Asker: 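Quick one: the structure is below, questions incoming.
Heavy atoms only: backbone and side chains are in, while hydrogens, waters and symmetry mates are out. In this text, all values refer to a predicted model and were calculated from it rather than measured experimentally.
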Amino acid sequence: MGGMPSPSQMPAALQAVMARCLAHAHQALPSGLWRFNLNDLALGWVHPMRLPLLQACWPELQMKDGVVVWAAQGMDVAQRSLRIAEVAAMLRQRGAIAGWRDEPYACERPVEDPCVARGETLFELERAAFRWFGFMSRAVHINGFLPGARMVCGRRALTKPTDPGKLDNLAAGGLPAGEDLRDCARRELWEEAGVPMSLSTGLQPRGQLRSVRMTPDGLHDEVLHIYSLTLPLGFSPSNQDGEVSEFLSLDLESLTQRLQGDAFSIDAAAVVAWGLMHAQALSDLRT
């Protein structure tokens, strides 16, 4: 998980639910999934019930002994991106991929620990297709703190394709191909919470964790890059892009109750827990 933070001096009930939140974010894979390989590189996981449709849309794939192999020797990044984009478009046309965003993610060459290092881009692919293939993606999440030991959380709009109506961090979003992590975080802060660029310069890195679990769309495998931002007294977040329906300012007791009641999305709950267990959590809360 990119260096597990140390527990802070938090109430016992909050510490207990934080441990549960982190455990929920990294679940064991179900048995029977097929590995998806690019040549000899293991990149993703595909549910076996999806194999007939995948083979119909991608006839040159090799499928044997629990492994799907895309033999792409001699293809460069652009060529690989074009070919898998064609397949994803066919899957979309057949209703297999929903929530299309017209936003590419980068699929990286595997590294030993993707929380502390990044691999070169192997191809780019529409973000909505990543879970279908079980590819690893990246996202930024920002915990926002107000004076008085309060955390600011947004509620995801009911129109969001994933986790509608669930509580989220101050801002969060997937990392598009080619965008810098910090630039992505500052953009998301403006789009989702109306945080001006002059204020988001105060972003503080708080580490990374990897979130892995099965979803109805496929395998969610994402490295969450976590930041902290202290907000000035009286700051009122304002959503700009329609993706957040409201913001809540929660003290630790209210936050604990919401976490215990599973009011947050799984990733947002894990990011809240990670941020409050971080060595700098008490300084964040004492803004």
Side-chain angles (χ1 to χ4, degrees), residues 21 25 98-105 126-128 130 137-176 179-206 211 215 217 220 222 224-252 254-255 257-259 261-276 284-285 287:
C21 291
W100 201 269
R101 300 284 292 273
D102 289 318
E103 182 179 331
Y105 279 174
E126 158 66 29
R127 63 180 293 176
F130 259 62
S137 54
R138 295 183 182 271
V140 298
H141 285 251
I142 303 97
N143 284 320
F145 296 90
L146 278 171
R150 304 183 75 88
M151 182 172 279
V152 183
C153 303
R155 185 179 301 280
R156 298 168 68 86
L158 293 177
T159 54
K160 292 281 287 183
T162 57
D163 299 316
K166 288 283 191 177
L167 292 182
D168 210 337
N169 309 115
L170 173 62
L175 179 69
E179 187 170 29
D180 175 80
L181 283 165
R182 192 176 181 86
D183 290 344
C184 179
R186 298 183 70 189
R187 174 179 56 77
E188 291 289 351
L189 279 167
W190 167 250
E191 292 176 356
E192 295 194 353
V195 177
M197 292 293 176
S198 58
L199 182 55
S200 63
T201 56
L203 271 179
Q204 298 296 320
R206 291 293 184 255
S211 177
T215 74
D217 297 324
H220 172 79
E222 193 157 74
L224 312 180
H225 295 262
I226 301 168
Y227 295 87
S228 168
L229 181 66
T230 57
L231 302 166
L233 183 66
F235 178 82
S236 179
S238 176
N239 180 243
Q240 308 293 310
D241 61 7
E243 295 190 2
V244 181
S245 61
E246 65 171 338
F247 288 93
L248 305 179
S249 174
L250 303 176
D251 59 24
L252 292 184
S254 299
L255 182 65
Q257 293 172 349
R258 304 279 181 148
L259 291 171
D262 295 325
F264 284 82
S265 71
I266 291 177
D267 282 0
V271 168
V272 168
W274 184 274
L276 293 180
D284 286 336
L285 290 166
T287 57

Asker: Does the Glu192 side chain pair with the main chain of Glu243, one donor and one acceptor, at a distance under 3.5 Å?
Answerer: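 Judged by distance alone, no pair lies under 3.5 Å.
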Asker: Are Tyr105 and Glu222 packed together at the side-chain level, in the sense that at least one heavy-atom pair is separated by less than 4.5 angstrom?
Answerer: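 A side-chain contact under 4.5 Å exists here.
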Asker: If I take atom CG from residue Leu276 and atom CE from residue Met151, how far apart are they, to the nearest 0.5 angstrom?
Answerer: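 The CE atom of Met151 is 4.0 Å from CG of Leu276, to the nearest 0.5 Å.
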Asker: Which pair of non-hydrogen atoms, one from Glu126 and one from Asp102, has the smallest distance, and what is that distance?
Answerer: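 Nearest pair, atom of Glu126 first, then Asp102: OE1-N, 2.8 Å.
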Asker: Rounded to the nearest 0.5 Å, what's the gap from NE2 on His220 to OG1 on Thr162? Could you check?
Answerer: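 Output value for this atom pair is 8.5 Å.
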Asker: For a quick test of reading the model, state the closest non-hydrogen atom pair linking Gly194 to Phe235 and the distance between them.
Answerer: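 Closest pair (atom of Gly194, atom of Phe235, distance): O-CZ, 4.1 Å.
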Asker: Taking the side chain as every heavy atom from C-beta outward, state whether Pro176 and Arg187 have any atom pair closer than 4.5 Å.
Answerer: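 The answer is yes, as the side chains (C-beta and beyond) meet within the 4.5 Å cut-off.
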Asker: List the steps and the verdict of side-chain contact (heavy atoms from CB on, under 4.5 Å) for Trp274 and Asn143.
Answerer: CA-CA 10 Å; Trp274 184 274; Asn143 284 320; over 6 Å; no
Asker: Would you check if Val272 and Cys21 make a side-chain contact, meaning some heavy-atom pair closer than 4.5 Å?
Answerer: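 Result no, sub-4.5 Å side-chain heavy-atom pair not found.
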Asker: Working to the nearest 0.5 Å, report the span between NZ of Lys166 and NZ of Lys160.
Answerer: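 Answer for the NZ-NZ pair, Lys166 versus Lys160, is 15.0 Å.
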Asker: For Glu191 versus Asn239, what's the shortest heavy-atom pair and its separation?
Answerer: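 In this case the closest contact between Glu191 and Asn239 is O-ND2, 3.3 Å.
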Asker: For the atom pair CD1 (Ile226) and CD (Gln204), what is the distance rounded to the nearest 0.5 Å?
Answerer: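 It is 14.5 Å, given to the nearest 0.5 Å.
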Asker: Once rounded to the nearest 0.5 Å, what's the spacing between atom CD of Gln257 and atom CG of Asp251?
Answerer: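 Rounded to the nearest 0.5 Å, the CD-CG separation comes out at 8.0 Å.
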Asker: Might you point out which heavy atoms bring Phe264 and Asp168 nearest each other, and give the distance in Å?
Answerer: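 In this case the closest contact between Phe264 and Asp168 is CE2-O, 3.8 Å.
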Asker: If you measure from CG on Leu189 to CD1 on Ile142, what distance do you get to the nearest 0.5 Å?
Answerer: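 Rounded to the nearest 0.5 Å, the CG-CD1 separation comes to 4.0 Å.
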Asker: If you take all heavy atoms of Asp163 and Ser265, which pair is closest and at what distance?
Answerer: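 Smallest interatomic distance, heavy atoms only, reads OD2-CB, 3.6 Å.
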Asker: Is there a donor-acceptor pair closer than 3.5 Å between any side-chain N or O of Arg206 and the backbone N or O of Val271?
Answerer: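 Between the backbone of Val271 and the side chain of Arg206 there is no qualifying donor-acceptor contact (under 3.5 Å).
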Asker: If I compare all heavy atoms of Leu285 with all of Leu252, which pair ends up nearest, and what's the gap?
Answerer: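 Distance-wise, the nearest heavy atoms are CD2-CD2, 4.3 Å.
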Asker: Using a distance-only test with no angle check, is there a side-chain donor-acceptor pair under 3.5 angstrom linking Arg150 and Ser254?
Answerer: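 Not at all, the side chains of Arg150 and Ser254 share no donor-acceptor pair under 3.5 Å.
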Asker: A side-chain contact here means heavy atoms from C-beta on lying under 4.5 Å apart; do Trp190 and Ser200 qualify?
Answerer: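 The answer is no; the side chains never approach within 4.5 Å.
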